[in-house]
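Some notes on the structure that comes next.
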Amino acid sequence: MSMFQNATSSSIIFLLTGVPGLEAFHIWISIPFCLLYITALSGNSLILFAIVTQPSLHEPMYYFLSMLSTTDLGLSISTLVTMLGIFWFNARKISYNACLSQMFFIQLFTVMESSVLLAMAFDRFVAISNPLRYASILTDLKIAQIGVAIIIRGTLVQTPLVLLLKRLSYCHNHVLHHSYCFHPDVMKLSCTDTRINSAVGLTALITTAGVDSVFIILSYVLIIKTVLSIASSEERKKAFNTCISHIGAVAVFYIPLISLSFVHRFGKQAPPYVHTMIANAYLLIPPVMNPIIYSVKTKQIRRAVLKALHPSAAKN
């Protein structure tokens with residue numbers, strides 16, 4: 001068995017899938033996906049550039065936003081080659097090790113995004129509940145430590161998933177059901193017992209997105225409680241407005257994630273292309289929408305982006 005597994009890990013080729021049933025339209029389908037990738041890459045790059053180059057944005061809130069843009073860039077780049085390769089060139093083949101590497105980075109950046117959203121919720125809670133100590137609590141050193149902790153957390157959570165997949169053997173079908181390598185998808189192709197893999201995968205999901213969502217909700221319960229205790233309605237409105245962008249970012253991350261989970265569990269009768277399109281949207285919507293949300297709802301970001309694009313435009 002060990003010899004078979006060694007041969008498998010070094011020589012197996014998986015076949016990725018585009019949009020089932022719509023293969024003849026892949027070139028046309030690639031147009032909106034290409035536009036989405038351009039929007040995600042350019043939007044997040046602009047926000048990063050604006051934050052790095054504008055001293056007025058060297059504040060905790062914008063440091064966390066730069067982390068969010070970085071994870072969105074990583075998430076987009078992780079799927080870009082295989083997805084557009086399928087649509088443009090029908091390049092469906094991916095080696096075993098390349099597949100595991102892609103799967104690792106997709107899930108690493110997903111966990112990191114969830115962690116950054118939790119850190120941003122904490123940032124808003126501190127800013128609203130204790131504004132006088134905001135700068136002393138979220139120092140540059142503390143933010144750097146949070147960033148390192150986010151990377152370490154994602155790596156520690158995802159590494160066991162890859163190592164456990166390494167022990168599996170794949171005997172028959174090598175066709176994956178997405179245009180990128182997805183942990184449950186790869187696991188289902190194994191002819192080895194995958195109960196440990198399933199348990200570890202579920203544990204990883206619960207201890208990351210599950211725990212993060214609970215603490216984000218708790219943060220907003222405390223934020224709402226604090227805001228409602230403010231006497232001035234104008235001050236309450238101003239406090240809530242500082243949270244709108246973050247609430248939008250949380251929504252565009254968790255709604256596609258929950259939708260994908262529901263479709264996988266309850267949508268077995270749905271056409272295969274529905275699963276594929278939702279799975280692709282799950283990874284593309286946050287990187288595309290986050291720069292738009294923050295540019296529209298945050299005046300400082302909008303001005304900085306305009307200044308980066310056209311220095312004279314920021315003066316108007």
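If you read the sequence from its start, that first residue is 1, and numbering goes on from there.
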Non-neighbouring partners of C99 that pass disulfide bond (SG atoms under 2.5 Å apart), sequence neighbours left out: C181
On a heavy-atom basis, which atom in F64 and which in V116 lie closest, and how many Å separate them? O-CG1, 3.6 Å
Taking the ring of H174 and the ring of Y96, is the distance between their centroids below 6.0 Å? no
Kindly give the cluster partners of I196, where membership spreads through any ILVMFWY side chain lying under 4.5 Å from a current member. L161, L164, V200
Name all pairs fulfilling the ring pair (Phe, Tyr, Trp, His ring centres under 6.0 Å) condition that reach into residues 19-44, sequence neighbours left out, sorted by first residue then second. H26-F87, F33-F87
Going by chain and number, the hydrophobic cluster around V111 (ILVMFWY, side chain to side chain under 4.5 Å) further includes none
Heavy atoms only: give me the nearest S169-S190 pair and the separation to one decimal. O-OG, 3.0 Å
To check you understand the geometry: which heavy-atom pair defines the closest contact between V157 and P160, and what is its length? O-CD, 3.4 Å
If the plane angle is over 60° it's perpendicular, under 30° parallel, otherwise tilted; pick one for F182 and Y180. perpendicular
Donor-acceptor contact below 3.5 Å, side chain D123 vs main chain A119: no
V221: hydrophobic cluster co-members (side-chain, 4.5 Å): I217
Residues that R133 engages under salt bridge (charged side-chain N to carboxylate O under 4.0 Å, His left out), provided they are two or more places apart: none
In this structure, which one of R92, Q102, K93 forms a side chain to side chain donor-acceptor pair (under 3.5 Å) with T82? Q102
Is the closest side-chain heavy-atom distance between S115 and D212 below 4.5 Å? yes
